[in-house]
Engineer: 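Could you have a look at this structure, given as structure tokens, before my questions?
Values below: every heavy atom of this structure, side chains too, minus hydrogens, waters and symmetry copies. Just follow the structure's listing: the first ligand is 1, and inside any ligand the first atom is 1. Everything quoted here is computed from the prediction, not taken from an experiment.
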Amino acid sequence: MQIITEPGLMQATIEKLRLNRQRIGVVMTMGALHEGHLSLIEQARSMSGTVILTIFVNPKQFGPDEDFHRYPRPFEQDAAHARAAGVDYLFVPSVESMYPEGFQTSVHAGAVAEGFEGARRPGHFNGVATIVAKLLQITKPHAAVFGEKDAQQLAVIRSMVRDLNIDVEIVSAPVVREKSGLAVSSRNIYLSGEQRESASALFRGIRYAGDELEKQRTDLAAIAEEIKGMIAEEPELLTDYVAFVEETSFMPTETAEPGKRYRLLLAVYAGNVRLIDNSLFTI
Ligand code: PAF
């Protein structure tokens, strides 16, 4: 595995690979690699001859009160995981090389970025869209794999790629879960034992939604309220939102129409830790 820190060198390396007709897959991360990231790498490996993993803790997607400085950066461990997972190139640029003095252009994600995580974290998705656009320019992949865990991020990236005619296939990989059903996330390390136990209520909510929709219910708003009630019984959790949205636009939806796909979104606080989860349902 080759480690590259300079954007220019990464671009030149990719240029050569592309001339040699290598199919390139990229997985973008902020490091602190866990099982979820490894499943993205596996997915990229299954569809590409060369796999690039990027690790960059992107300051532009953190709000002023968020955990940019506290965000874990276990580089040696990440590099070992990447090597073992069969990554060919590890791209780890510095903040200065990605945002040099005079940097002033950004991508404005549209309406899809406004609600839910976008409303709670102003500017977050513009920061994500900007860095993803830059990393796509630098790594020029045929395919880029993103996790469904961050479903709104995935929707923002899909709409950016479509709107800006970026020539890449965006591939989504399913949420990886712990035994309890808790979605694997870098932030899970901050959870106490009790919080972790309570957090499995999110997955119970998702299963409940699946069961109710199988009964042909279409009253999505009512199902969401019932899930909120289930979460409220957990002493360690405080609900931020539970809602169904239309799959691509992320517009909140109260009543389902047959044949359409809706995503159930859940966000809670366990103490200071924000947990999100989601699942896609076809009605
Ligand atoms: O999902 C993440 O880890 C980040 O938001 C991403 C896509 C790597 C952009 O910084």
Side-chain angles (χ1 to χ4, degrees), residues 4-5 7 10 25-41 43-44 51-63 66-75 77-78 81-82 85 87 89-95 97-99 103 106-109 112-113 116-118 120-139 141 143-161 164 166 168-176 183-190 250 265 267 273-278:
I4 297 183
T5 56
M10 188 76 246
V26 72
V27 174
M28 300 179 188
T29 76
M30 298 205 299
L33 301 183
H34 52 59
E35 249 181 283
H37 297 117
L38 299 182
S39 79
L40 305 184
I41 296 170
Q43 172 89 43
V51 173
I52 306 170
L53 178 75
T54 74
I55 297 184
F56 180 64
V57 185
N58 174 32
K60 294 209 181 289
Q61 68 186 76
F62 287 79
E66 292 184 354
D67 56 351
F68 174 67
H69 293 290
R70 264 196 322 136
Y71 201 85
R73 291 166 172 83
F75 179 70
Q77 193 181 308
D78 283 349
H81 281 315
V87 167
Y89 294 93
L90 178 57
F91 179 53
V92 204
S94 64
V95 172
S97 67
M98 292 302 274
Y99 299 121
F103 181 91
S106 63
V107 178
H108 177 79
V112 64
F116 305 100
E117 289 310 287
R120 298 338 181 252
R121 307 180 67 187
H124 170 70
F125 286 121
N126 291 346
V128 169
T130 301
I131 194 64
V132 170
K134 280 174 70 71
L135 289 169
L136 288 174
Q137 289 300 328
I138 293 168
T139 60
V145 184
F146 294 92
E148 275 190 46
K149 161 79 170 39
D150 295 307
Q152 194 171 7
Q153 166 171 286
L154 182 61
V156 164
I157 292 168
R158 281 194 193 286
S159 77
M160 174 185 75
V161 163
L164 301 185
I166 302 177
V168 65
E169 182 189 355
I170 300 298
V171 177
S172 65
V175 179
V176 176
V184 169
S185 156
S186 309
R187 293 191 170 105
N188 289 356
I189 53 166
Y190 301 130
F250 261 68
L265 306 176
V273 187
R274 189 179 166 74
L275 298 172
I276 59 170
D277 205 339
N278 73 87

Engineer: Check this for me - ligand 1, Q153, N or O atoms closer than 3.5 angstrom, yes or no?
Structural biologist: yes
Engineer: Quick check against the 3.5 Å criterion: does R158 have a side-chain atom that pairs as donor or acceptor with the backbone of I170?
Structural biologist: yes
Engineer: Heavy-atom pairs closer than 4.0 Å: do any link ligand 1 to the side chain of I131, the backbone, both, or neither?
Structural biologist: side chain
Engineer: Among pairs that include at least one residue of residues 120-133, which meet salt bridge (Lys or Arg N to Asp or Glu O under 4.0 Å), considering only residues two or more places apart or in two chains?
Structural biologist: E66-R121, R120-D240
Engineer: If hydrogens are left out, which of K60, M28, Q61, K149 has an atom nearest to atom 10 (O) of ligand 1, that is, the closest non-hydrogen atom?
Structural biologist: Q61
Engineer: Pairs of donor and acceptor atoms involving the side chains of residues 128-139, under 3.5 Å and at least two apart or interchain, shall be tabulated with distances.
Structural biologist:
unit_1: T130; atom_1: OG1; unit_2: V107; atom_2: N; d: 2.9
unit_1: T130; atom_1: OG1; unit_2: N126; atom_2: O; d: 2.7
unit_1: K134; atom_1: NZ; unit_2: M98; atom_2: O; d: 2.9
unit_1: T139; atom_1: OG1; unit_2: L135; atom_2: O; d: 2.7

Engineer: Would you call the rings of Y71 and F62 parallel, tilted or perpendicular, taking 30° and 60° as the class edges?
Structural biologist: perpendicular
